[in-house]
Amino acid sequence: MILLKFKPIGVIHTPHTGPKGTPIQSIGARDIKGTIELNPEYVDGLQDLDGFSHIILLYVFHKARAYSLKVLPYLETEKRGLFATRYPARPNPIGLSVARLDSIEGNVLHILDVDMLDGTPLLDIKPFIPDADN
Ligand SMILES: C[S@@+](CC[C@H](N)C(=O)[O-])C[C@H]1O[C@@H](n2cnc3c(N)ncnc32)[C@H](O)[C@@H]1O
């Protein structure tokens, strides 16, 4: 078995301090502001990102509990297979959100539509490319 090691590239700051009240998806987090504090060694990689209106964030659900393979998704009444859901507790608790990019100041990215908890470790940033991602 291959064991993979990932090092966060930064931290996502949001107003969400606990699961209660945190939006289920970005679509329900319209206009909620957050910031990404990128570790300074990665700042050169931000060049040209300001040409994109939206960015894809990959991160770790660092506060997720142990996972089950059958879960009751939010707003549903029937248990589903974990991989048919966006449930945060997963074998590899990786989250994916599309955020609107407002501005970049040095190593800080100002973003909107955040649906993750404050202090969430960020694994990667990718530009949202409508032709590929819609
Ligand atoms: C249903 S998940 C969807 C997140 C993402 N858009 C996705 O699809 O991967 C969103 C919920 O995950 C939980 N959550 C967000 N950030 C978390 C974190 N860092 N640790 C644990 N749970 C988190 C919150 O309860 C939030 O309402």
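One-based numbering, in listed order, for ligands and for the atoms of each.
Any N or O atom pair closer than 3.5 Å counts here, and Leu117 shares at least one such pair with ligand 1. Between Tyr87 and ligand 1, no pair of N/O atoms sits closer than 3.5 Å.
The ligand atoms of ligand 1 that sit less than 4.0 angstrom from a heavy atom of Pro19 are 25 (O). Under a 4.0 Å criterion applied to the non-hydrogen atoms of Ser97, ligand 1 contributes the atoms 5 (C), 6 (N). Close approach of ligand 1 to Val60 is summarised as follows: ligand atoms under 4.0 Å from at least one heavy atom of the residue are 19 (N). Those atoms of ligand 1 with a heavy atom of Met116 less than 4.0 angstrom away are 15 (C), 16 (N). Distances below 4.0 Å separate heavy atoms of Arg86 from the following atoms of ligand 1: 1 (C), 2 (S), 3 (C), 7 (C), 8 (O). Counting atoms of ligand 1 from 1 in the listed order, those under 4.0 Å from a heavy atom of Gly95 are 9 (O).
For Thr14 (side chain) and Gly34 (main-chain N/O), no donor-acceptor pair under 3.5 Å exists by modelled atom type. Asp113 places a side-chain N or O within donor-acceptor distance of the main-chain N or O of Asp31, the cut-off being under 3.5 Å.
The protein atom (non-hydrogen) at minimum distance from atom 4 (C) of ligand 1 is Tyr59 OH, 3.4 Å. For atom 14 (N) of ligand 1, the closest non-hydrogen atom on the protein side is Phe61 CD2, 3.8 Å. Counting protein heavy atoms only, atom 11 (C) of ligand 1 is closest to Tyr74 OH, 4.0 Å. Scanning all protein heavy atoms for the shortest distance to atom 13 (C) of ligand 1 gives Pro88 CG, 3.9 Å. In this structure, atom 24 (C) of ligand 1 lies nearest to the protein heavy atom Thr22 CG2, 3.9 Å. Given atom 3 (C) of ligand 1, the protein heavy atom at minimum distance is Ile24 O, 3.3 Å. For atom 26 (C) of ligand 1, the closest heavy atom belonging to the protein is Pro23 O, 3.5 Å. Here the heavy atom of the protein found nearest to atom 5 (C) of ligand 1 is Leu96 O, 3.1 Å.
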Checklist entry - Are Gln25 and Arg86 close enough, and set up right, to give a side chain to side chain contact (heavy atoms under 4.5 Å, CB included), and what steps lead you there? => result CA-CA 9 Å; Gln25 287 295 342; Arg86 304 289 284 263; 3.6 Å; yes
Item to check | side chain to side chain contact (heavy atoms under 4.5 Å, CB included) between Thr85 and Tyr74, worked out | outcome: CA-CA 9 Å; Thr85 76; Tyr74 302 97; over 6 Å; no
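One finds the CG atom of Leu96 at 9.5 Å from the NZ atom of Lys126 (value rounded to the nearest 0.5 Å).
Hydrophobic cluster membership for Phe52: Ile9, Ile12, Ile32, Ile36, Leu38, Tyr42, Leu46, Leu49, Ile55, Leu57, Tyr59, Phe61, Leu101, Ile104, Leu109, Ile111, Val114, Met116, Leu122, Ile125, Ile129 (Ile, Leu, Val, Met, Phe, Trp, Tyr linked by side-chain heavy atoms under 4.5 Å, directly or transitively).
Using a 4.0 Å cut-off between a side-chain N of Lys or Arg and a carboxylate O of Asp or Glu, Glu41 and Lys7 qualify as a salt bridge. The residues Lys33 and Asp102 are annotated as not salt-bridged, no charged nitrogen and carboxylate oxygen being separated by less than 4.0 angstrom.
Residues Leu72 and Lys79 come closest through the heavy atom pair CD1-N, 3.9 Å.
Dense packing is recorded around CZ of Phe128, with more than 12 heavy atoms of other residues, nucleotides or ligands lying under 6.0 Å away.
Nearest-residue assignment for atom 20 (N) of ligand 1 (options His16, Gln25, Lys63; heavy-atom criterion): Lys63.
Ser97 and Asp115 share a side-chain donor-acceptor pair at under 3.5 Å.
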